[in-house]
Every structure is written in C-alpha cells, then in structure tokens.
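Data block below; observations after.
Just so you know, ligand 1 is whichever comes first in the structure, and atom 1 is the first atom listed for that ligand. Sequence positions, counted from 1, serve as the residue numbers for this chain. Computed from a prediction, not measured in an experiment: that's the story for all the values here.
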Amino acid sequence: NGGAPDAKNLRVKLVLLGDSGVGKSCIVLRFVRGQFDPTSKVTVGASFLSQTIALQDSTTVKFEIWDTAGQERYAALAPLYYRGAAVAVIVYDITSPESFTKAQYWVKELQKHGSPDIVMALVGNKADLQDSREVPAQDGIDYAEKNGMFFIETSAKTADNINQLFESVSVQLSCSRK
Ligand code: GDP
Ligand code: MG
C-alpha cells in the first residue's frame, strides 16, 4: 500500500463497558466526531461508529465501535456484545465509587469470558470534575497495574486524553500483532 514495509491495516472491534451514566457514549462521540453535547441522547438505539487512527509506522487501525443502547443495565446481554471484541474500554466516573466497583466487575467478567488476547483499557472519565472526585487516580493506577491493563483518566467534556486513549490502544494492538 505504499506505506512503510511493516505497515498494516488493522480492523478491530472495540466495545465500551461500564455503568450507565459514566460517559461511554460521550467518549465515543468526542473521539469520532469531536463533539460533546451534554443533552444528546446518543444511546437511543444501538449505535455503531467507526474511526481510523494512523500510527507513526503508517499502520492504520480502524475501530469499529459498539456503543450500547443502555443494555449495560442487563448483564446477561453483555456476552453478545463483547463477543469477538479485540478491545474493551472499561469506563468509570471518577466522582462515583460505585462505578469504579462496577468497572472491576467488568474486568473480572472479561478475564473469565472475553477473548484471551483482548486488550483492556481502564478509563476514569469526567476528570474535569476534580472538586467532586471520589476515586483517587492512584486507585485506578494500582488496579490496572495488578490486572495488566492500560489506565488513563479522560474528560469527554474537555476532550482531555480522549485521543491519547485510542492512540495507546492502537499502539498496543499493533505491537501485539507484529
Ligand atoms: P453512558 O450512559 O455511559 O453512555 O453515559 P453518557 O455518555 O450518556 O453520559 C452521561 C452523562 O454524563 C451525560 O449527562 C454527559 O453529559 C455526562 N458526561 C459524560 N462525559 C463527561 C465528562 O467527561 N465530564 C462531565 N462533566 N460530564 C460528562
Ligand atoms: Mg451510552
């Protein structure tokens, strides 16, 4: 394709998991469309969006992003959703300890039932709400390290670290498939 000799074009299924309200849909919209709309009901109907990232070695990664239509409330449906996913982005809200507990539940579920080579990222979203923070960043860092996951705090509202999240995932994917 005219790129570097080791360039590849990867197509990967990415799912977002986490409590309702943590900002999964807003993260996707920020990444794919560069927008944040606090009033939008983006999760009405199952939505499917794709976005491609080009890495420095000219590998491209096309993410096929599955966002739930609120099915996160029904744990029994989750396996249908994450089946075949190469990447799981597990999101919590830094102002909600309950959502952090729920994120840990999803990590365990994927360790038991996800693809063995799935790339998992732990994301503490709403990092713009520092004054209401209830989950210390260190707790996320420690948990991710113990479980061999990538960790980042993001804000879909300010766009902080949103691109970095997907870029880091892309780099991990391209390394694990060399
Ligand atoms: P989902 O249920 O996980 O898909 O959550 P949504 O993306 O629908 O977001 C739930 C609520 O959190 C909405 O009111 C968003 O405006 C708000 N929200 C999402 N991301 C952020 C963020 O980074 N910062 C702040 N302050 N609010 C956010
Ligand atoms: Mg949603």
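Both tests do not hold together for Lys146 against Tyr143: distance to the six-membered ring centre under 6.0 Å, angle to the ring axis within 45°.
At a heavy-atom distance under 4.0 Å, only side-chain atoms of Asp128, from C-beta outward, approach ligand 1. Using a 4.0 Å cut-off between heavy atoms, Thr154 makes no contact with ligand 1 at all.
Residue Leu129 has at least one heavy-atom neighbour below 4.0 Å for each of these atoms of ligand 1: 26 (N). Residue Lys24 has at least one heavy-atom neighbour below 4.0 Å for each of these atoms of ligand 1: 1 (P), 2 (O), 3 (O), 4 (O), 5 (O), 7 (O). Counting atoms of ligand 1 from 1 in the listed order, those under 4.0 Å from a heavy atom of Ser25 are 4 (O), 7 (O).
When Ser155, Gly23, Cys26 are ranked by how near their heavy atoms come to atom 15 (C) of ligand 1, first place goes to Cys26. Heavy-atom proximity to atom 10 (C) of ligand 1, evaluated over Gly21, Gly124, Ser20, is greatest for Gly21.
Formation of a donor-acceptor pair under 3.5 Å by the Lys24 side chain with backbone atoms of Gly18 is found in this model. For the pair Glu64 (side chain) and Leu14 (backbone), a donor-acceptor distance under 3.5 Å is absent.
Ring geometry for Phe31 against Phe63 counts as perpendicular: the plane angle is over 60°, on a 0 to 90° scale with 30° as the lower cut.
Identified under the side-chain hydrogen bond (donor to acceptor under 3.5 Å, both in side chains) test for residues 160-172, with sequence neighbours left out: none.
Ser25 lies close to the Mg ion (ligand 2), since one of its N, O or S atoms is found at a distance under 2.8 Å.
Using a 4.0 Å cut-off between charged nitrogen and carboxylate oxygen, Glu153 and Arg133 count as a salt-bridge pair.
At least one heavy atom of Asp19 sits closer than 4.0 Å to an atom of ligand 1.
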Per-pair distances, 0.1 Å, donor-acceptor, side chain in residues 84-94, under 3.5 Å, sequence neighbours excluded:
from: Asp93; atom 1: OD1; to: Thr95; atom 2: N; distance (Å): 2.8
from: Asp93; atom 1: OD1; to: Thr95; atom 2: OG1; distance (Å): 2.8
from: Asp93; atom 1: OD2; to: Thr95; atom 2: OG1; distance (Å): 3.2
from: Asp93; atom 1: OD2; to: Lys126; atom 2: NZ; distance (Å): 3.4

